[in-house]
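No experiment lies behind these values; they were computed from the predicted model shown.
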Amino acid sequence: MENLDFYKSIRNLIDEVITKLMALNDASRLKKMVERSLGQISNQLSTKLSNCKANCGPEGCDSCAADIIYDSIAKMNDYANFFGNSEDDEAKRDFLREDMMKYINDNNAETREILIKKAIEGDI
């Protein structure tokens, strides 16, 4: 249940970032918002990954969703790189909104499968 709450809080943080980005038009404020917000999310994911490795070993395990955490960290880094290399503010907002919504939906499906597996195995 703790993992579900963690992923839900991450999803909520990403939703907040999307909402805030939609209201920004200034390029420097947009860049600062993305770097700050995605940096915080990336740090939380890195901490979760470190905890997973401490409990399961360096290779992680399927039940704690280490692959999802790795993917999430990579995705946050991809967004930061995109924002650092793109000049078009409208394209940044559109790309981020669309890609994050798709990523959130995919992530929800993956975490749901993990939770179902854990429930069937009696680990919850």
Item to check | Audit row: I10, K48, side-chain contact (heavy atoms from CB on, under 4.5 Å) steps and yes/no | outcome: CA-CA 11 Å; I10 293 293; K48 185 72 169 173; over 6 Å; no

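- Within the 4.5 Å cutoff, the side chain of L45 has heavy atoms near those of the M76 side chain.
- By the side-chain contact (heavy atoms from CB on, under 4.5 Å) test, N77 pairs with S42, I73, sequence neighbours left out.
- Put simply, CG on N105 and CZ on R11 are 9.5 Å apart, with the number rounded to the nearest 0.5 Å.
- Taking the side-chain contact (heavy atoms from CB on, under 4.5 Å) definition, one finds that D99 meets it with K75, Y79, F95, sequence neighbours left out.
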